[in-house]
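What follows is a short report on a single structure.
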Number of protein chains: 2
Amino acid sequence: MSRRASRRPYVLDEQIGFILRQVVQRHVALFDGLMGGDLTPTQWAALSKLAEVGTCSQNQLGRLTAMDVATIKGVIDRLSARGLTKTSADPGDGRRLLVTLTPAGRERVDQAVSGAFQATEDTLAPLTAPERQTLKALLMKLR
Amino acid sequence: MSRRASRRPYVLDEQIGFILRQVVQRHVALFDGLMGGDLTPTQWAALSKLAEVGTCSQNQLGRLTAMDVATIKGVIDRLSARGLTKTSADPGDGRRLLVTLTPAGRERVDQAVSGAFQATEDTLAPLTAPERQTLKALLMKLR
DNA sequence: CCATAATCGTTTGTATGCATACGACCGGGC
DNA sequence: GCCCGGTCGTATGCATACAAACGATTATGG
């Protein structure tokens, strides 16, 4: 202990960042268990958003799914290698790479939706319905 | 629209996992900005926990900081390469690798604590004090 | 005392996730 | 027509993050 003690000790376990990391860890574990392990949360985000908005450019899809340009590229590369997505040049803009859900991709989305809902459900299982609403509202302010 | 419409459409932006990912992204960005960019949240977790509990084994430190064995090894390797931590064999247990904060490491911790507090503060800035308490309590249930 | 289970650390492979730099391409203004 | 700032995709490097497989060591049960 030094002459001038810190007013508050820094306790890692009380910091919001550390708590958040653990909550995300638990969620990802639940998610992986429910999706058969062949779709990561990130890959699912890309697939489901594609199903939601239809064909769009790679960068645009990245923005919609909160992914860096380098990250979305890796994700789409892997999804395309597995035949779930398909890319093509944008006829109207030589810079853009259009990303499309393949029939197999759409099938996988349809098949995975219930698991995705369940992942959300399981993650929030310790909370009551009002608590879930409160949590979501508070987190929305911190995005 | 198919004959049998889904009861609820899956909207990515409403899923707790997606919201959590964005909150973590914002927190990490704030953290990096405050710590001079030379300490990641994970590295800081290891350092601050070491300062909190003193020397301990690598795996133990991993558990205390919610890191995988492979992850904590990489973190300690990098911190040791920078002279902030030091490892040694446990005299009492040939399996264990003891991790210790070096004087330089302790100095870096002292110097970084205020920034770490500020990162928590900035992350929670959009919330009132009662809201922060509520959020923390709810997240704790989801660890 | 010894066979077996459990723990510890390492290594490899895969997948994010961000920063940076790069070249290609688009639009607007001149 | 042409430069120029902005956008798009690519490539590389670094740092998590976890699973699986492995060898070494320790603890435990009989």
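As a basis for the values below, the full set of heavy atoms in this structure was taken, side chains included, without hydrogen atoms, waters or symmetry mates. These numbers come from a predicted model, not from an experiment. Each chain gets a letter, A, B and so on, in the order its sequence line appears, and its residues count up from 1.
For the segment residues 22-46 of chain A, residues with any heavy atom less than 4.0 angstrom from an atom of DNA chain D are, sorted by number, A:Q25.
No donor-acceptor pair under 3.5 Å is formed between the side chain of A:R96 and the backbone N or O of A:D90. In terms of modelled atom types and a separation under 3.5 Å, the side chain of A:Q25 and the main chain of B:A66 share a donor-acceptor contact. Side chain of A:R21 to backbone of B:T65: a donor-acceptor contact under 3.5 angstrom is found. A distance-only check finds a donor-acceptor pair linking the side chain of A:T85 to the backbone of A:S80 [under 3.5 Å].
Under a cut-off of 6.0 angstrom, the local environment of CZ in A:R106 is sparse, with at most 12 non-hydrogen atoms contributed by other residues, nucleotides or ligands. Within 6.0 Å of atom CD in A:E121, more than 12 heavy atoms from other residues, nucleotides or ligands are found, so the atom counts as buried in its surroundings.
Using a 4.5 Å heavy-atom threshold, the side chains of B:V99 and B:L50 count as touching.
Straight-line distance from the CD1 atom of A:I72 to the P atom of D:dA11: 16 Å, rounded to whole Å. Nucleotide D:dA17 holds its C1' atom 9 Å from the CZ atom of A:R21, rounded to whole Å. If you take CG of B:D68 and P of D:dA19, they are 6 Å apart, rounded to a whole angstrom. Remark: P of D:dA27 and CG of B:D90 are 10 Å apart, rounded to the nearest angstrom. Here the C1' atom of nucleotide D:dA19 and the CE atom of B:M67 are 18 Å apart, to the nearest Å.
For the pair A:V69 and B:G92, both in contact range of DNA chain D, the more 5′-proximal nearest nucleotide belongs to A:V69. Residue whose closest nucleotide on DNA chain C sits further toward the 5' end, between A:V75 and A:D93: A:V75.
Contact annotation: A:K73 side-chain N/O to D:dG9 OP1/OP2 distance is not under 4.0 Å. Taking only side-chain nitrogens and oxygens, A:Q60 never comes nearer than 4.0 Å to OP1 or OP2 of D:dC8.
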Trace of the salt bridge (charged side-chain N to carboxylate O under 4.0 Å, His left out) decision for A:K73 with A:D68: CA-CA 8 Å; A:K73 170 174 171 42; A:D68 191 74; over 6 Å; no

Candidate pair A:K49 and B:D13, rule side chain to side chain contact (heavy atoms under 4.5 Å, CB included), full reasoning: CA-CA 9 Å; A:K49 186 53 90 172; B:D13 305 73; 2.6 Å; yes

Intermediate values then yes/no, salt bridge (charged side-chain N to carboxylate O under 4.0 Å, His left out), B:K141 and A:E131: CA-CA 11 Å; B:K141 297 186 183 181; A:E131 283 176 333; 2.9 Å; yes

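Of all nucleotides in DNA chain C, those with any atom nearer than 4.0 Å to a heavy atom of chain A start and finish, going 5' to 3', at C:dA15 to C:dC26.
B:W44 and A:F18 have their aromatic ring centers separated by at least 6.0 angstrom.
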Protein proximity profile, nucleotides 2-7 of chain D - base contact B, sugar-phosphate-only contact S, no contact -, cut-off 4.0 Å on heavy atoms: ----BB

